[in-house]
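Each remark here refers to the structure printed beneath this line.
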Amino acid sequence: MKKITFIILMLLTHNMYKSQTLDITPNAQNINHNIDKFVGTWIWANGNESLVLIFKKENILLPLEGNIRADILYGFHQYAKNNTVLESSTQYLNTTYTTKKSTLLGGSFDDHNKISGSIQHKTKNKSVKFEIDYVDANHIKLIKLDNFQGISITLPGQPPYDSSISLPQNIILTKQ
Amino acid sequence: MVSGTIAKLRNINAKTDFISKLSDKSGLPEWNYLTRAKNKTANRGDESSEMLIIPLKVVDGFLSSLMYVENPDSETPQVYTITNDQLDVFTHNSSIDREIRESILMTFIFFDNEMFGSRLYSSIPLDLFENVPVRDGADYKTFAIGQQEVTNNLVAETCYMVYDCKNGMDEAHCDGCSQCVFQVCFTGGGGDVPDPGGTGGEGTDPPTDPNNPGGSGGYDPNLPWYLQNPNIDIFSYSHNTQSVFQSLTDYGIVLDALQVNFLEQNTSFAQKFRNYLVINSLAKSQNTVMGINLFIDNPGATWQQFLNMVPKTPCEKISKVGKNNKTKDLFGILKPKVNSTKEFGYILTEDGGTISDTPIEGDIGEYRIKFPVNAPIDGLIHSHFAGGYSVFSVSDMFALAFLYKNGKIKDIDSFVIGVVTASNTQYLMVIDEPAKFGAFADNLFTGNTIDETTQDLYEIIYMNFGIKTNNTAANNESLFLSYLQTNKTGLKLLKGDATFSNWQLLNKDSNGNVIPQNCP
């Protein structure tokens, strides 16, 4: 039978998860000021094609055990081509993350000048993974978009997963 | 609050040695769940002050007791524990106000739910929770509650939806009919539970519960196994009965006279339980008590009914499909295809021990594979080629949840999802805790529609855990196990060798080390 030993218990409560980026000790806040520089409205335009990314920051409750919160970037995007808006969530610009109207979600993990995350590719009925680099106070670069890895299940009558991505990538966006 | 409380308790223990007087000497405090609540003193009904409650856990995922710290802000807090055995006697003591008994019982259930997820609670006295009906012929009530939001404050009234489902099914599988779902409200608390005698670590007093004439004295580590129940002479019973009784004491469980007499009078069951306990564990000992009570309460119940009620272990869950020879052969075909530039996979369906497969191929350069699923299936296995993850991806888990939500998993107790990777790893994943997995799956969907925002958040958390395609396989394995556990998925990971014949259940110990356990 184990005896209750408070000295041992106190040791156990500290630094159990050293090898990961996210602090998952109970009630952790995961404050991250490295993502502040990405907050704002960023625009790219080329001829009749344009992309707007609007990033906001919020400390949100994660769906994890232990009341863990983390600073994340969430936001909204608008993609237009040939004078037609093909994808847009900017009408929800003033909503918070918890209303689930946002279409961008991201964070900075290893490199403080880089964020990774997801953008809801509405015309393809899926989310894709983005990588964005901080260039300077007025510019960021959308390096690339990729499909998230993994299995897709297609049920009868449903369209199969579309692997193509039609949003622009490898582009420089300018802060407004 | 946690570190301050630990320091304070340590100082108090230095002065009073209160630990040696606790009724629970086996459980370990789970400080993460430290919660503030009202002091609902059992004898006085006084709710004027607050208290702290810390759950104590034993290995294998069971709540051992609750530790109460009354007047925590004073210089002289009172510290004591209430064990499960004490709780059982207390909740049946009709001389104590019903509301207080409900409150303390629900406080236990609250912590059990927070720590271990949704599961079924039984043996609830008939006079508690008036709005939960009694099933025909039952002399106790049962219900399950869904997974709840994490909170560290039980001072205010808390309400739960409880599920009293047909055939004792849990919330995830309950049809949610109006006769099944009820609301229970309580204010968490504890306080001065009378010592029932014979239930704590020190307890050898005769039991006071008139409904428990044999009296399961609580386990006393200072006594030999044959003296654990002072009300019976265990050596006067048959060898089978003695063996079962002794085996259970290995895990601190002491049968009462009613249970021992049942075994003695039902030699076939006694023999079966004896065999069942040859390789013993805490879970098997607890299952045995559950089984004995099942047979006592239901004289017509069969051994198979008992086995059906016993939760299968992850290792048992892979035996039907995951370890089937055909599945092993298909894994063998996938193994060299990790050197390809696309993913391959198989849809598995099982019928009478025979596995049928539907081969699937991904697209070149795509780290995705599309499985068309029409009827319910028994498993999916696939490959990750170079550049893919050495463990399951988030979307692999989403696929499992998607199948579950759409009724495409034929048997939740044997369904497997498998992967073989270019990092020379091979894994199976099973649904270990259906209720918890159901809650996880529910979280990913709004109705049956994919909740993109929440799924994206799980992807971000996956990245935030540091799982990467260029990590070492060992690092990803460790991080993915943490991810599964912390995200309350209810899933378990098993690792195979290169022949796909031998599998190990992977868990993490309290220091974060990966602990493999060979499947028999």
Side-chain angles (χ1 to χ4, degrees), chain A residues 1-10 12-13 16-22 24-27 30 60-68 70 72 74 97 100-107 109-110 116-120 125-127 129 146-156 160-161 163, chain B residues 2 6 9-10 13 19 22 25-29 31-32 150 152 221 252 345 363 366-374 380 382 384 388-389 393-396 398-399 402-403 406 408 443 451-461 463-466 475 478-479 482 486-488 510-512:
Chain A
M1 301 289 278
K2 296 186 183 73
K3 294 278 184 184
I4 299 171
T5 308
F6 282 90
I7 295 171
I8 292 174
L9 287 168
M10 291 177 70
L12 290 179
T13 57
M16 288 167 57
Y17 308 99
K18 288 178 179 173
S19 59
Q20 60 204 29
T21 312
L22 188 70
I24 57 171
T25 51
N27 305 311
N30 288 287
I60 67 166
L61 180 65
L62 302 179
L64 306 176
E65 286 185 338
N67 190 38
I68 297 163
I72 55 118
Y74 75 103
Y97 172 77
K100 296 189 173 184
K101 298 293 186 186
S102 60
T103 51
L104 304 177
L105 194 62
F109 307 115
D110 296 330
S116 298
S118 63
I119 178 168
Q120 290 178 20
N125 197 30
K126 65 181 178 182
S127 289
K129 180 181 178 181
D146 283 315
N147 289 316
F148 283 110
Q149 296 190 13
I151 290 173
S152 307
I153 303 294
T154 306
L155 299 179
Y161 181 87
S163 297
Chain B
V2 170
I6 294 173
L9 292 179
R10 189 172 56 168
N13 189 54
I19 290 175
L22 295 177
K25 291 184 168 56
S26 61
L28 295 172
W31 296 106
N32 303 345
V150 174
N152 295 107
D363 297 324
E366 286 286 335
Y367 294 100
R368 289 199 74 94
I369 184 166
K370 306 164 198 172
F371 287 96
V373 175
N374 300 321
L380 293 173
H382 70 301
H384 285 177
Y389 289 110
S393 68
V394 181
S395 293
D396 294 341
F398 290 167
F402 189 75
L403 290 169
N406 286 281
K408 300 300 183 189
N443 204 24
D451 180 343
E452 289 282 358
T453 307
T454 301
Q455 294 202 2
D456 288 351
L457 182 57
Y458 279 104
E459 292 279 8
I460 298 293
I461 294 169
M463 294 180 213
N464 226 326
F465 264 68
N475 195 17
S478 174
L479 295 170
S482 293
T486 314
N487 281 278
K488 300 181 282 191
S510 56
N511 293 319

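Proteins come first, then strands; the chains are lettered A, B, ... in the order of their sequence lines, and each starts at number 1.
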Under 4.5 Å from any heavy atom of chain B, what part of [X] do you find: side chain, backbone, both or neither?
X         : value
Asp110(A) : side chain
Ile119(A) : neither
Tyr161(A) : both
Lys126(A) : backbone

Tell me whether Ser127(A) contacts the main-chain N or O of Asp456(B) through its side chain, where contact means a donor paired with an acceptor under 3.5 Å. no
Hey, could you give me the [atom1]/[atom2] distance between [X] and [Y], rounded to the nearest 0.5 Å?
X         : Y         : atom1 : atom2 : answer
His384(B) : Gln149(A) : NE2   : CD    : 6.5 Å
Asp396(B) : Ile151(A) : CG    : CD1   : 4.5 Å
Leu62(A)  : Asn464(B) : CG    : CG    : 8.0 Å
Thr453(B) : Gln120(A) : OG1   : CD    : 4.5 Å
Leu64(A)  : Lys488(B) : CG    : NZ    : 7.5 Å

Excluding sequence neighbours, so at least two apart, what forms side-chain hydrogen bond (donor to acceptor under 3.5 Å, both in side chains) with Tyr458(B)?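 If we apply the side-chain hydrogen bond (donor to acceptor under 3.5 Å, both in side chains) test to Tyr458(B), skipping adjacent residues, the hits are Asn443(B).
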Kindly write out the residues that satisfy side-chain hydrogen bond (donor to acceptor under 3.5 Å, both in side chains) with Ser116(A), not counting sequence neighbours, or none if the list is empty.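 For Ser116(A) there are no side-chain hydrogen bond (donor to acceptor under 3.5 Å, both in side chains) partners, ignoring immediate neighbours.
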Atom group of Glu459(B) that falls short of 4.5 Å from chain A, counting heavy atoms: side chain
So, the part of Asn406(B) with a heavy atom under 4.5 Å from chain A: the answer is side chain
Determine the minimum heavy-atom distance between Gly150(A) and Ser395(B), stating which atoms define it. CA-CB, 3.6 Å
Heavy-atom check, side chain of Lys408(B) versus side chain of Ile153(A), under 4.5 Å: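 With C-beta onward as the side chain, the pair stays apart.
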If you apply the rule side-chain contact (heavy atoms from CB on, under 4.5 Å), what do you find for Ser118(A) with Glu452(B), and how did you get there? CA-CA 10 Å; Ser118(A) 63; Glu452(B) 289 282 358; over 6 Å; no
In this structure, are over 12 heavy atoms from other groups packed under 6.0 Å from Asn125(A) atom CG? no
Max heavy-atom pair count under 4.5 Å with chain A, selected residue of Thr454(B), Leu457(B), Ile461(B): Leu457(B)
Between chain B and each of Ser152(A), Gly107(A), Ser163(A), count heavy-atom pairs under 4.5 Å; write down the option with the most. Ser152(A)
